[in-house]
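See structure below.
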Amino acid sequence: MSDKTLCINVARLQSRLQCLGEVGALDGGGVSRLALTDADKKGRDLVVSWMQDLGLDISIDAIGNVIATLKGEQELPCIMMGSHIDTVSTGGLFDGNLGVLAGLEVIETLIDNNITPTTPVSVGFFTNEEGSRFAPDMMGSAVLSQVLSLQTALQTQGIDGAKVEDELKRIGYNGSAEFTNIKQDVACFIELHVEQGPVLDEQQIDIGVVEGVQGISWQEFHLTGISNHAGTTPMQYRQDAGLVASKVSVFVNELASLMAPNQLATVGALTLKPNLINVIPNEALFTVDLRNPNESELQKAELALQEFIHEQAKQHGLKVEQKILARFQPVHFNPKLVDRIETLAKQNTFSTKRLFSGAGHDAQMFAPHCPTAMIFVPSYKGISHNINEYTHPDQVTNGANLLLQTVVDFIS
Ligand code: HGY
Ligand code: MN
Ligand code: MN
């Protein structure tokens with residue numbers, strides 16, 4: 001089979017991206033399908049129906065990961081593609097969805113061309129990749145790769161007080177299939193994803209050849225001081241939790257500048273209590289997202305943050321409680337597979353650039369257990385986790401065809 005003649009059905013892939021994008025659609029554009037919500041269920045049901053239409057073997061495990069498989073001539077470890085279909089609450093059409101639907105498109109293209117692969121070919125979507133409702137992110141693939149225990153994941157309480165276990169049951173995705181044993185059952189894992197950053201778009205590059213994923217540190221801090229009257233309490237008498245939370249936000253921004261260019265820092269969620277104009281806040285609940293491709297640098301940033309918060313809390317008479325929400329070390333993908341993808345991309349006369357992923361991905365959970373790599377296509381102006389996320393149809397087609405050729409290359 002010549003993989004040069006094989007190409008995906010562009011219209012079918014585009015129509016599925018649009019169709020899935022209507023599930024959880026927001027007025028004014030964009031999508032909200034937070035993990036395990038009704039919208040996530042509807043999206044899951046839609047993609048599962050497409051998998052069923054293709055007659056694929058579908059397995060749903062106890063954390064709700066869904067893996068669909070096209071049988072191979074031989075019972076060998078599969079080549080797996082996949083990503084996620086849950087989104088942040090201001091999501092776009094492509095983050096995660098592209099990797100799942102392009103994987104399905106690759107399988108349907110094999111079927112359309114009466115190609116029975118030597119090894120099984122699978123495509124999966126993994127539960128709660130985003131982690132915005134239930135931390136940590138990449139929860140489903142973290143359980144699959146035994147980085148996170150199933151029980152810990154099931155008992156996780158979300159930002160809205162709901163529990164993963166109850167929500168999985170409520171939407172009917174508390175599956176009973178055995179967990180895929182990545183080491184034994186998966187020959188290699190390839191994830192197609194939008195870059196979500198500005199590099200490929202700015203440099204007009206067709207394909208990002210992803211060498212790895214940077215380290216991620218998510219922490220939640222709860223500062224407690226004393227609420228008091230905003231008009232009668234002299235500044236030096238205050239135990240103002242809101243003040244210190246704001247100082248932390250400025251501190252981590254300055255820390256990232258000091259540790260430039262690879263350190264990133266974000267205070268993404270911040271709630272003050274009682275959150276009233278004339279009351280000094282006695283509580284501040286906030287998150288800090290630190291990222292760095294270098295583990296020791298990431299640890300340095302975590303330590304600097306720790307020291308700053310405790311010194312400020314002491315100075316302002318606050319109690320500090322903190323929780324690690326996610327902590328993943330940097331991951332390197334399989335050099336041979338990365339090289340192969342780069343070669344195939346160049347054979348298609350795509351321009352390519354090697355880069356490290358800024359965002360976390362399910363692929364980073366597979367990487368320690370089987371040869372793993374990722375393919376990036378550009379995000380317009382690097383926008384993502386934003387309703388205006390966009391990737392041009394030609395770039396979607398490039399990525400999906402390269403994914404197809406990588407799979408065909410592997411199964412030939
Ligand atoms: O936060 C991340 O990097 C991913 O989108 N979950
Ligand atoms: Mn993603
Ligand atoms: Mn995302």
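We count residues from 1, following the sequence as given. It should be emphasised that the depicted structure is a prediction, and the values quoted were computed from it without experimental measurement. Numbering of ligands and ligand atoms starts at 1, following listing order.
- Counting non-hydrogen atoms of other residues, nucleotides and ligands closer than 6.0 Å to NZ of Lys353 gives a total of 12 or fewer.
- Taking a cut-off of 2.8 Å, the protein N, O or S atoms nearer than that to the Mn ion (ligand 2) are His84 NE2, Asp95 OD1, His193 NE2.
- The side chain of Arg291, and not its backbone, has at least one atom closer than 4.0 Å to an atom of ligand 1 (non-hydrogen atoms only; side chain from C-beta on).
- Relative ring orientation between Phe189 and Phe366 is described as parallel, the plane-to-plane angle staying below 30° on a 0-90° scale split at 30° and 60°.
- Looking at Glu130 next to ligand 1, an N or O pair under 3.5 Å apart turns up.
- For His332 and Phe356, the gap between ring centers is short of 6.0 Å.
- Nearest heavy atoms, Thr87 versus Val31: OG1-O, 3.7 Å.
- Interface atoms of ligand 1 facing His385, defined by a heavy-atom separation under 4.0 Å, are 5 (O).
- In terms of protein heavy-atom proximity, atom 4 (C) of ligand 1 is nearest to Glu129 OE2, 3.5 Å.
- Geometrically, Arg44 engages Tyr173 in a cation-pi contact defined by less than 6.0 Å to the ring centre and at most 45° from the axis.
- Not one N or O of Ala359 is nearer than 3.5 Å to an N or O of ligand 1, by distance alone.
- For Glu202, the salt bridge (charged side-chain N to carboxylate O under 4.0 Å, His left out) test picks out no residue, with sequence neighbours left out.
- Gln395 and Pro378 make their closest contact through NE2-CG, 3.5 Å (heavy atoms, listed as atom of the first residue, atom of the second, distance).
- Residue contacts with ligand 1 for Phe328 are absent, since no atom lies close enough (heavy atoms, distance under 4.0 Å).
- Met81 pairs with exactly one of Val100, Leu104, Ile375, Ile107 by the side chain to side chain contact (heavy atoms under 4.5 Å, CB included) rule, that one being Ile107.
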Without placing hydrogens or testing angles, list every side-chain donor-acceptor pair under 3.5 Å for residues 249-273, not counting sequence neighbours.
unit_1	atom_1	unit_2	atom_2	d
Ser257	OG	Asn253	O	3.0
Gln263	OE1	Asn292	ND2	2.8
Gln263	NE2	Arg291	O	3.2

For a quick test of your reading: what N or O donor-acceptor pairs under 3.5 Å do the side chains of residues 13-24 make, sequence neighbours left out?
unit_1	atom_1	unit_2	atom_2	d
Arg16	NH1	Glu108	OE1	3.0
Arg16	NH2	Glu108	OE1	2.9

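- Distances below 4.0 Å separate heavy atoms of Asp137 from the following atoms of ligand 1: 1 (O), 2 (C), 4 (C), 6 (N).
- The atoms of ligand 1 that sit less than 4.0 Å from any heavy atom of Trp218 are 1 (O).
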